[in-house]
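The next block holds one structure in the form of structure tokens; read it before the comments.
As the structure lists them, so they are numbered: ligands from 1, and atoms in each ligand from 1.
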Amino acid sequence: MAEEVETADRTAVTNFVGEIRQTGNWLLLRVCIIAAIGGLLFGYDTGVISGALLYIRQDLHANDFEQEAIVAAVLLGAMAGAACSGYLADRISRRWTKVIAGTVYFLGAIGCALSLSAPMLIGFRFLLGLAVGTASFVAPLYIAEMAPPRIRGGLVSFNQLAITTGILVAYLINFAFKDFPGNWRWMLGVAAVPGAALAIGMLSVPQTPRWLVSAGRVQEATDVLTRLRSGDPHADVNREMDDITEASRRERQVSVRDLARPSIRPLLVIGLVLALAQQFVGVNTVIYYAPTILAHTGMSNSDALARTVLIGVTDVVFTVVAVLLLDRVGRRKLLITGTVGILCGLLVLAVYFWSPTLQQHAGYLALVGLLIFIASFAIGLGPVFWLMISEIFPVGVRSKAMAVCTIANWGANFIVAQTFLTLTEVIGRQGVFFAYAAIAVLSLIFFVRKVPETKGRSLEDMQAQLTGGRTT
Ligand code: BGC
């Protein structure tokens, strides 16, 4: 059995890397890696604040309300960023929207590092949030529109890999700077580097062919697509261009109200359920509060921090597994298997906190629950949400629909972050984990019944099938 899994893994690696090699061109890989720096900003920001806050509290004399606002400002900024950038991504292009996001992030990170008071820090964290919210969905959107269908799942999920890497780097930087004078300023300030890298990097990569066609620049689109597919024996640039042009012709530019069209509504429901489920199973309680949860099992703060790094590593490792498997096994199977795993992890945590005997004699179970949870999230809901919302919508509504799903995702993230500690006091830790488990069950039922497989199909093909060829 172990051998079979190992062989399957090896085949998956050879396949994905082989496909990239065959697809030939390093331009495609470079484009996807640069775009995924957006994910790094997202993850770094998610991971860094819990550590930095310990010192900000003392240094800036922040009261409880200010501390909560320092954390929440990014989440609220991200919602606002996603709300504006759906429009921007259509209007000035995916590429320029990302250049702006990188620049704003750079300025926000420097501003945070130099903040002289809590209100000033809150303002700059909001600015950071605008950039994070924008990058969080324009990155998968940009990559999905560049990638060939056969390896789109893996390439788009580079972004999720960058998110998890950002979280891990943040945990490590928190650890490394823990005894450094003025440490929180460094923790927040180093983020300027990936911000600048994103802005400068995006200047060196092309526009997506789909956006170029929708802007009427068909010849440029053909040139970009030819470069992206050069050396790929499976590619048929003329056919792909015909499909893109045809899909774009059918879809006029739309307003947000068009998202309620009968042909789009069911897709929007799928996107929104994935967005809400991704957050309401409680992933960010693990990311934000893992040290608190572990410290509650009786271990020292320093042990709890070290175990938290282990959670970060597990998240990255299993995201690599997802990148390798998404185009072979398919999105649906990984989503469903991952959600079953999430449910198991949550039940382990719930039972552990429910039973005083387990808490006394089996302290390791909390860590086991957290690891099962995060590994399962990393192979399923983590990457699949961002991937699917970049795949299922027709080009005319794609960026706006993705923006709406992204706002819902950040909104739910905000609600979970703000309610976890209070809920723990009201219904106990076990109550909270049982509640998340109930959400996992409902999500699972929805996924099994409603979520389509999008593996290996062109975006245009899917558009025709998922909307039943309707444009109304
Ligand atoms: C989620 C984040 C989460 C991260 C953890 C992302 O897909 O959107 O909210 O912190 O995964 O790996």
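- Ranking protein heavy atoms by distance to atom 11 (O) of ligand 1, first place goes to Gln160 NE2, 3.1 Å.
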Q: Quick one: do Ser399 and Leu141 satisfy side-chain contact (heavy atoms from CB on, under 4.5 Å)? Show the steps, please.
A: CA-CA 7 Å; Ser399 58; Leu141 168 63; 3.9 Å; yes
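- Atom 8 (O) of ligand 1 has as its closest protein heavy atom Gln278 OE1, 2.9 Å.
- By the 30° and 60° cut-offs, the orientation of the rings of Phe433 relative to Tyr436 is perpendicular.
- Residues satisfying the salt bridge (Lys or Arg N to Asp or Glu O under 4.0 Å) test with Asp45, not counting sequence neighbours, are Arg125.
- Looking at residues two or more places apart in sequence or on another chain, you find a salt bridge (Lys or Arg N to Asp or Glu O under 4.0 Å) between Glu145 and Arg94, Arg398.
- A 6.0 Å sphere centred on OH of Tyr87 holds no more than 12 heavy atoms belonging to other residues, nucleotides or ligands.
- Taking every heavy atom of both residues into account, Phe280 and Ile439 meet most closely at O-CD1, 3.5 Å.
- Under 4.0 Å from ligand 1, the heavy atoms of Asn413 that appear belong solely to its side chain.
- Residue Thr164 approaches ligand 1 through these ligand atoms, each under 4.0 Å from one of its heavy atoms: 12 (O).
- Below 4.0 Å from some heavy atom of Trp386 lie the following atoms of ligand 1, by number and element: 6 (C), 7 (O), 8 (O).
- A centroid separation of 6.0 Å or more is found between the aromatic rings of Trp410 and Phe137.
- Residue Phe385 does not touch ligand 1, judged by heavy-atom distances below 4.0 Å.
- The distance from ligand 1 to the heavy atoms of Phe42 drops below 4.0 Å at these ligand atoms: 2 (C), 8 (O).
- Looking at Tyr288 and Asn413, their side chains do bring a donor and an acceptor atom within 3.5 Å of each other.
- Distances between N or O atoms of Asp315 and those of ligand 1 include at least one value under 3.5 Å.
- Of all atoms in ligand 1, numbered sequentially from 1 with element shown, those under 4.0 Å from a heavy atom of Gln279 are 1 (C), 2 (C), 8 (O), 9 (O).
- Counting heavy atoms under 4.0 Å from ligand 1, residue Ile167 touches it through the side chain alone.
- For a threshold of 3.5 Å applied to N or O pairs, the pair formed by Thr46 and ligand 1 contains no separation below that value.
- Taking all heavy atoms of Asn159, Asn284, Ile287 into account, the minimum distance to atom 10 (O) of ligand 1 is reached by Asn284.
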